[in-house]
Amino acid sequence: MLIMMKTDIGEPYVPQVVLAVGAHADDIDFGASGSLAAWAKQGAHIEYLVMTDGSKGSSDLAIHPEDLIATRQKEQRAAAKLLGAKEVHFFGYEDGNLELTQELKKRIVKLIRQLRPDTVVVMDPTMVYSSKLGFVNHTDHRVAGQATLDAVYPFTRDHLSFPDLYAEGLKPHKVAHLLLINLEKHNCFIDISETLDLKLDVLCTHVSQIPDVQKVRAMLEARAKSLGQEAGMRYAEGFIRLDLPL
Ligand SMILES: [Zn+2]
């Protein structure tokens, strides 16, 4: 399977090692699981980072937060496995209370220096709201995006940032590509025509977050089709691609 990337920036490429970062279980799968699945089929090594514990987003008045946390982790692990990812890391911060701290950035730096990805996928922190789509972007999404960008540049690159990590043997690393999930702006499209069905199945593993599976499937298919039309593909996912100097 040849993966098509249509990009206004740099040359098309297939990532080798990817860290996909989300604030909550399911964030990555909504925005990027078609591309991740396509890259995994092509041999890419993919790992997930989920920053919060998902302990708040339920309308079930009887549910205990501890049970919700366990369910969210189980669902995210199943989703990642289904698309071919190797590992899911959970930072366990309280849902709705993710803060932009040096401690958070340091934990991301540590993970990036261990995994050494060429590509990091994360939500664009500049997406605060969309009047076109009628939504406010969740505060945790924006914090996750900002902390990840800060970790990629400059902290992961510089050995003098968090010197105790360097002393542990975690050498500096330069991430070559950032692919930012932004619902309105795109300069890079990945063809997911062959992985759309898998993406829909991946989303459906998040049972506790998706009350109406048919509605979500229809919404995702329509979105992938519309992005595909923009890119000249049947179905696509769109990103803002940013190439960093190596
Ligand atoms: Zn979310």
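In each ligand, atom 1 is the first atom listed, and ligand 1 is the first ligand listed. Remember, predicted model here, so these are calculated numbers, not experimental data.
In summary, His138 places no N/O/S atom under 2.8 Å from the Zn ion (ligand 1), failing the contact criterion.
If you check the side chains of Tyr48 and Asp29, you find a donor sitting under 3.5 Å from an acceptor. A donor and an acceptor atom, one from each side chain of Thr156 and Arg113, are nowhere located under 3.5 Å apart.
The ND1 atom of His24 and the NE2 atom of His141 meet at the Zn ion (ligand 1) at an angle of about 100°, given to 10°.
When atom types are taken as modelled, the side chain of Asp124 and the backbone of Leu180 share no donor-acceptor pair closer than 3.5 angstrom.
In terms of distance to the Zn ion (ligand 1), the nearest N, O or S atom of Asp27 is named OD1.
Atom CH2 of residue Trp39 and atom OG1 of residue Thr195 lie 10.0 Å apart, to the nearest 0.5 angstrom.
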